[in-house]
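Nothing here was measured: the structure is a model prediction, and the numbers come from that model.
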Amino acid sequence: MNIAAKLRARRVDARNRKAVARALEQAPTPAMRHELMAIAQAQVTTLR
């Protein structure tokens, strides 16, 4: 992977982390928060 691709990947990762954090903050219930965390963790393991 070249340097430009690594930078793009880091930006995408940062954008996704911010989106997940925002969704967790705006979740109306603790159950929804837990569900969002489970989905985010499942996606991280499948992406790598």
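Expressed to the nearest 0.5 Å, how far CZ of R8 lies from CG of N2 amounts to 6.5 Å. Considering CG of L36 and CD of Q41, their distance stands at 11.0 Å, rounded to 0.5 Å.
Shown here is L7, whose CG atom has more than 12 heavy atoms of other residues, nucleotides or ligands within 6.0 Å. When the shell of 6.0 Å around CE of M32 is examined, it contains 12 or fewer heavy atoms from other residues, nucleotides or ligands.
M37 and L24 get closest at one heavy-atom pair: CG-CD2, 3.7 Å.
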